[in-house]
Amino acid sequence: MSTSVTADTAGSGTATSSDKNSSSLSAFLSTLIPVGLQAAAFVGIFLVLRTKQKRVYRPRTYLETLYESEKSKDLPPGKFSWIAPFRGLDDEYVLNHQSLDGYLYLRFIKMLTVICFIGCCITFPILFPVNATAGGTGKEFDLLSFANIPDNQHNRYYAHVFVSWIFFSFVMYVITRETIYFINIRHSYLLSPFNAARISSRTVLFTDVPVEYQNQEKLAALFGGAMKRSWLATDCKELTEKVEERDKDAMKLEGAEIKLVQTANKRRLKWEKKNDSRKDAAPAADGADAEVALPGARFMKDKDRPTHRLGKIPLIGKKVDTIEWTRSELRRLVPEVEKAQSTQQKFEGKLLPAVFVEFHTQQAAEAAYRRMTPRKDPKMYPRAISATPKEIIWANLRVSKMQRKLRKFATTTFIVLMIVFWAIPVAVVGTISQINYLTDKVPFLSFIEKIPSQVLGVVTGLLPSVMLAVLMALVPIVCRWMAKLSGEVTLPAVELKTQSWYMAFQVIQVFLVTTFSSGAASVVTDIINEPSSALTLLSQSLPKASNFFISYIIVLGLGIAAGDLLNIGALAMFTVIGKFLDKSPRKIFNRYITLAGLGWGSLYPKFGNMGVIAIAYSIIAPLVMGFAFVGFGLIYLAVRYNSFYVLTNNVDTKGAAYARALQQLMVGVYLGEVCLLGLFAIAKSWPHVGLMGFFLLFTAIYHAVMRHALKPLTMYLPDSFEGDQISLFATTDHKSYDFKKAGVPPTEAQMGEASKFGAMKANWFTKLWDPRKFKSHSRVQSLMPDYPPPQYTAEEEALAYYDPALTSPIPRLWIVRDTMGISQREVKDSSEVVEISDNFASFNEKGKVVWDYENQGRLEDVPIWEKRVDY
């Protein structure tokens with residue numbers, strides 16, 4: 001019985017399975033047509049609005065919060081005349097005008113595009129004819145896949161084996177080459193004078209600091225003359241709560257002042273609409289007789305004054321006048337906060353097991369960061385270097401060593417369980433993509449056989465793709481939250497942990513679970529009828545799951561590229577939604593000056609997993625790679641435009657997210673090799689099993705050695721770019737410092753002698769992967785931006801790494817000026833307790849709050865302007 005099943009399978013399972021209509025082409029068209037139409041509409045709208053909505057589509061060309069060196073040159077205003085100049089810009093333009101992270105992200109998308117294009121050139125001419133002429137029962141897209149090769153054509157597997165060797169070797173070459181390019185450009189960028197002069201580049205954050213070293217004198221003795229200054233972390237929990245209360249009351253006062261003025265202004269506009277204000281005097285409002293001499297009193301009523309109830313429970317508590325109450329609260333809170341800030345700036349109070357140490361030079365900071373370890377005296381953990389004050393998660397500095405271990409275990413366990421149980425809804429989505437194969441075993445689905453093929457294509461193609469995209473959108477939010485809960489102390493570390501977790505999630509759920517659930521669904525009937533043929537049926541059906549990923553790549557490629565280009569979120573905010581949400585000049589101003597950033601922890605896994613899918617399916621179903629090439633190409637164009645003209649970098653990983661994404665691409669190589677190995681084994685084609693097993697072993701050894709050799713160079717910096725980069729291959733001084741044995745500061749400690757094997761290993765690594773031997777070593781020097789070194793005032797240097805609660809100033813309030821003089825009276829009354837202004841904001845003829853930023857002049861004149869300090 002088993003033999004007859006095998007004879008009838010030729011790629012699609014048994015005869016029963018082959019009788020079912022393949023919906024691969026209709027699913028492709030049903031996905032492509034609606035997504036393509038939407039993408040075309042989005043691009044058309046973008047072309048029309050690009051010149052009209054400057055703040056949405058070209059903010060980097062003029063926004064005053066950017067330095068002149070960071071601004072991009074504007075493009076011609078026509079609908080199509082900008083395309084040629086845009087094409088003429090090099091990708092390195094992002095490096096010079098935005099950030100290293102932004103440039104490397106763009107390079108990552110371009111690299112995936114190139115990998116897929118070369119992969120198509122390698123696989124299509126050989127594997128398409130081999131698969132299509134094998135004589136299997138595959139139809140439509142299935143005709144071009146591995147599944148179309150019947151059991152009597154095993155010799156054709158040699159084509160798959162040797163093509164896989166060529167293509168997977170090419171992918172490993174690209175990953176190695178890009179890792180070395182990353183090393184060279186990272187070293188050159190971070191060692192450039194403008195970056196080396198930053199305070200953050202010379203500052204190391206140590207955690208798990210013993211009580212003995214929570215002392216500035218002891219730190220000075222430990223680090224010697226290389227240390228410039230230090231900041232002890234103090235417990236600011238109570239002060240933070242008080243500062244938040246002060247700021248909340250200040251914002252409540254600002255809102256109440258605006259509401260008071262706006263109510264009177266609306267009454268004035270209403271009266272002027274009914275009367276000729278030039279002839280008739282406005283009647284005094286109720287209760288305003290006694291204050292008829294006050295500005296605007298005729299348009300004010302006693303009930304206009306904003307009120308609120310005290311207490312945390314709504315509608316319960318004493319009702320108070322909001323303006324008078326917040327003024328009195330600020331009179332109490334402002335001196336209390338200032339007194340506490342003054343005390344804790346002297347490091348009085350409870351100290352935390354964390355210190356910031358600034359060194360005189362970047363080289364000294366790097367030496368301390370590289371050599372110190374929590375396992376040796378003084379047992380301080382060099383947690384971060386080059387992290388700016390805004391990137392520190394200050395609340396997590398309170399976490400002790402034991403708490404951090406427990407948190408790490410708890411959050412990792414949560415993520416693992418989430419991955420496991422998330423398989424249920426993802427498997428349902430994968431099953432929907434093959435729902436037409438389940439009709440004879442699930443009776444109530446029999447109606448599916450009667451619906452038109454076009455509708456079936458939508459159900460099996462577009463619907464599951466959209467469902468999966470929506471389902472996955474929630475995951476990075478949870479991962480980022482868990483990363484913060486785990487005890488990470490910097491935002492870049494949170495992004496990197498999110499990237500690792502989310503990538504694991506993407507590969508397991510989007511790729512593996514969907515692949516196997518989709519493949520199993522397509523042959524479930526045949527497996528029930530013939531359980532002994534399960535492995536054979538699955539091996540032949542798994543390649544068919546590639547049809548789902550073709551639809552998935554179309555949704556991501558076309559949909560995301562067009563959506564990112566249209567920038568629909570920002571467009572809606574600046575044209576429609578913002579007009580309803582922005583009730584104060586502060587909100588209007590903040591929306592105007594704030595550029596959107598990118599979350600590396602969620603972006604790299606999303607597109608990295610697309611790369612993994614394309615690489616893993618490159619031999620089994622090469623057509624996937626063709627669609628991935630087109631998808632990545634479109635995404636690259638959208639990312640390129642937005643990187644030049646729209647986006648900024650909010651979390652600076654110094655390129656570490658790119659280095660991690662490169663290594664994660666190796667997952668695609670391993671999965672591709674393991675899948676081929678499994679398919680050959682199920683087909684009992686042992687020569688091919690042996691060949692793929694050999695290449696899998698080679699891949700693992702090469703990757704392990706390459707990773708071991710280059711990892712130190714991706715983590716640490718040499719003393720100079722033109723100096724001895726290869727000294728980092730010799731890891732004898734990495735995490736080697738022991739104060740008890742050395743007796744000198746870590747910056748002066750001598751590097752230990754390498755063992756004979758260690759020296760031989762470093763010499764071998766140097767011959768293979770010395771970054772100076774590659775062309776990128778000399779090329780990256782010419783790409784570096786020529787920014788001037790940052791300049792700091794003495795106060796900015798001294799306050800750099802205090803907890804923000806210790807340096808937070810009293811908020812400056814900004815209300816709206818009216819023609820009746822009410823706002824000027826409120827400014828005078830409130831200025832006794834807080835700095836307040838009504839400049840540059842007014843009401844339009846409809847009573848809406850407006851800030852005329854185009855005619856204001858300098859952005860620095862705005863009352864709530866804050867100087868940008870690049871630590």
Side-chain angles (χ1 to χ4, degrees), residues 43 45-79 81-110 189 194-195 388 390 561 563-575 578 588-600 603 635-653 655 783-788 790 853-854 856 858-860 862 865-870:
V43 172
I45 296 171
F46 163 77
L47 292 173
V48 172
L49 297 181
R50 193 191 71 84
T51 55
K52 299 177 181 179
Q53 296 292 334
K54 191 174 183 180
R55 177 58 187 83
V56 176
Y57 298 113
R58 293 172 292 147
R60 293 194 66 89
T61 63
Y62 72 94
L63 210 58
E64 291 181 47
T65 51
L66 300 172
Y67 299 130
E68 286 301 318
S69 57
E70 294 176 317
K71 294 178 182 177
S72 300
K73 184 179 179 181
D74 206 353
L75 295 171
K79 288 185 177 64
S81 57
W82 60 274
I83 295 177
F86 173 67
R87 288 177 57 193
L89 295 172
D90 295 327
D91 288 354
E92 288 74 21
Y93 196 82
V94 179
L95 180 68
N96 285 275
H97 293 80
Q98 200 218 70
S99 66
L100 177 62
D101 272 330
Y103 167 66
L104 290 175
Y105 174 60
L106 179 61
R107 187 178 179 89
F108 181 72
I109 303 297
K110 185 177 183 179
Y189 188 88
F194 77 89
N195 189 78
T388 64
K390 289 184 178 180
D564 286 353
L565 201 59
L566 180 59
N567 201 2
I568 193 167
L571 179 63
M573 281 294 178
F574 280 100
T575 56
I588 298 173
F589 174 77
N590 287 334
R591 190 181 302 283
Y592 176 79
I593 67 167
T594 303
L595 287 173
L598 296 173
W600 308 121
L603 279 176
I635 292 168
Y636 166 73
L637 293 176
V639 170
R640 193 171 191 267
Y641 181 88
N642 285 334
S643 297
F644 286 174
Y645 298 106
V646 180
L647 300 171
T648 189
N649 184 24
N650 292 331
V651 179
D652 190 0
T653 71
L783 303 180
M784 291 303 106
D786 188 22
Y787 298 151
Y853 46 83
E854 292 183 352
Q856 173 190 301
R858 299 189 315 154
L859 207 61
E860 292 90 337
V862 171
W865 168 266
E866 294 182 2
K867 179 187 175 184
R868 171 180 164 184
V869 181
D870 292 326

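Predicted, not measured: the structure shown is a model, and the values here were computed from it. Each residue takes its place number in the sequence, starting with 1.
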Checking E70 against R868 for the salt bridge (charged side-chain N to carboxylate O under 4.0 Å, His left out) test, could you report, in this order, the C-alpha distance in whole Å, the side-chain angles of both residues, the deciding distance, and whether it holds?
CA-CA 14 Å; E70 294 176 317; R868 171 180 164 184; 2.9 Å; yes
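- Note that CG of L637 is 9.5 Å distant from CG of L106, once rounded to the nearest 0.5 Å.
- Listed for the R50 side chain is no donor-acceptor partner under 3.5 Å among the backbone atoms of K79.
- Note that CG of D90 and CG of L95 are 11.5 Å apart. Values are rounded to the nearest 0.5 Å.
- Using cut-offs of 30° and 60° on the angle between ring planes, the pair Y645 and F86 is tilted.
- Tested against W600 for a side-chain hydrogen bond (donor to acceptor under 3.5 Å, both in side chains), the candidates N649, N650, T653 yield a single pass: N649.
- Under the side-chain hydrogen bond (donor to acceptor under 3.5 Å, both in side chains) criterion, R58 pairs with D74, sequence neighbours left out.
- Contact between Y93 and K73 at its shortest, heavy atoms only, is OH-N, 2.8 Å.
- Inter-residue side-chain proximity for T388 and D652 is flagged as unmet; no heavy-atom pair is nearer than 4.5 Å.
- Distance check: R60 CZ to T65 OG1 gives 9.0 Å after rounding to the nearest 0.5 Å.
- With a 4.5 Å cut-off on side-chain heavy atoms, L89 and R640 count as touching.
- No close placement of the Y67 and Y787 rings is indicated, their centers lying 6.0 Å or farther apart.
- In this structure, Y592 and Y62 have tilted ring planes: the angle between them lies in the 30° to 60° band.
- Atom CG of D870 sits about 10.5 Å away from atom CG of N195, to the nearest 0.5 Å.
- Looking only at atom types and distance, the side chain of Y103 has a donor-acceptor partner in the side chain of E92 under 3.5 Å away.
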Please tabulate, for the side chains in residues 563-575, all donor-acceptor contacts under 3.5 angstrom to protein atoms that are two or more places apart in sequence or on a different chain.
unit_1 : atom_1 : unit_2 : atom_2 : d
N567   : ND2    : V56    : O      : 3.4
T575   : OG1    : L571   : O      : 2.4

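- Across K110 and D91, no two heavy atoms sit closer than the pair CD-OD2, 3.4 Å.
- Between Y189 and F194, a ring centre-to-centre spacing shorter than 6.0 Å is recorded.
- Note that the CG atom of L783 and the CG atom of N96 stand 7.5 Å from one another [nearest 0.5 Å].
- To the nearest 0.5 Å, the span separating OG1 on T61 from NZ on K71 amounts to 8.5 Å.
- Residues P59 and L595 have side chains in contact (heavy-atom distance under 4.5 Å, counting atoms from C-beta outward).
- Closest approach of G655 to L100, counting heavy atoms only: N-CD2, 4.3 Å.
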